[in-house]
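A short write-up of the structure that comes next.
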Amino acid sequence: GNKIRNAKLVLLGDVGTGKSSLVLRFVKGQFVEFQESTIGAAFFSQTVAVNDETIKFEIWDTAGQERYHSLAPMYYRGAAAAVIVYDMTNAASFTRAKKWVQELQAQGSPNTIMALAGNKADLVETRQVSVEEAQTYAQENGLFFMETSAKTAINVNDIFYEIAKRLTRA
Ligand code: GDP
Ligand code: MG
């Protein structure tokens, strides 16, 4: 039969890494060069079919600004999945991503599936974070890793699909 599972998913990461753009790409198949900054958090939903199951993602796209930090636990607590986003052209955003991973490891639910997204993969000429560095970090910390581009759509559906697959196994 076709089982429907609701799955709360949160996107975390620095301002400007492309969290909202990844959601817009995944939910609406669109990209805008001048994506408005998120205030607080925004909610979206999208479904993914895996075998005979439907995963209905309830997506919380957070702002990323420090002044909203105290709200973050509301979004990641009880989340089935978290996508931690950095901008591969910005080393500081990778450092920030690692801080989010630490916070989730310390304060989050132990069974939250964590994905690391190195976004803006289309901007290879200004890369500051290597695939090897991110992959090694992800492996050591129990995350799965993909480089994505909300602009070209590379790996965007794939990262959500991979999460959905892991949820059906959970
Ligand atoms: P957020 O603050 O993490 O939600 O980031 P936004 O989604 O608002 O994106 C910040 C800026 O980066 C916007 O100008 C986007 O158009 C741009 N952006 C987002 N994703 C990509 C991407 O994959 N490639 C490129 N080249 N630009 C992107
Ligand atoms: Mg945003």
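Heavy-atom basis, side chains included; hydrogens, waters and symmetry copies ignored. Just follow the structure's listing: the first ligand is 1, and inside any ligand the first atom is 1.
For the Mg ion (ligand 2), the tally of protein N/O/S atoms lying closer than 2.8 Å stands at 2.
Under the 4.5 Å side-chain contact rule for hydrophobic residues, Ile159 and Leu116 do not share a cluster. Tracing side-chain contacts under 4.5 Å through hydrophobic residues (I, L, V, M, F, W, Y), one never reaches Leu22 starting from Phe94; they form parts of separate clusters. Following chains of ILVMFWY side-chain contacts shorter than 4.5 Å, one can reach Met88 starting from Phe145, so the two form part of one hydrophobic cluster.
Other residues, nucleotides and ligands contribute at most 12 non-hydrogen atoms within 6.0 Å of the CD1 atom of Ile154.
Within 4.0 Å of ligand 1, the residues that place a heavy atom are Asp14, Val15, Gly16, Thr17, Gly18, Lys19, Ser20, Ser21, Phe31, Val32, Glu33, Gln35, Asn119, Lys120, Asp122, Leu123, Ser149, Ala150, Lys151, listed by chain and number.
Taking Ala164 as the reference, Val48, Val50, Ile55, Phe57 meet the side chain to side chain contact (heavy atoms under 4.5 Å, CB included) condition, with sequence neighbours excluded.
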If you look only at distance, which donor and acceptor atoms sit under 3.5 Å apart when one is on a side chain in residues 9-17 and the other is two or more places apart or in another chain?
unit_1: Thr17; atom_1: OG1; unit_2: Asp14; atom_2: O; d: 2.9

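Checked for salt-bridge contact, Glu162 and Arg166 meet the test: a charged N lies under 4.0 Å from a carboxylate O.
In terms of heavy atoms, Tyr68 sits closest to Gly40 at CZ-N, 3.5 Å.
There is no side-chain donor-acceptor pair under 3.5 Å between Ser109 and Asn111.
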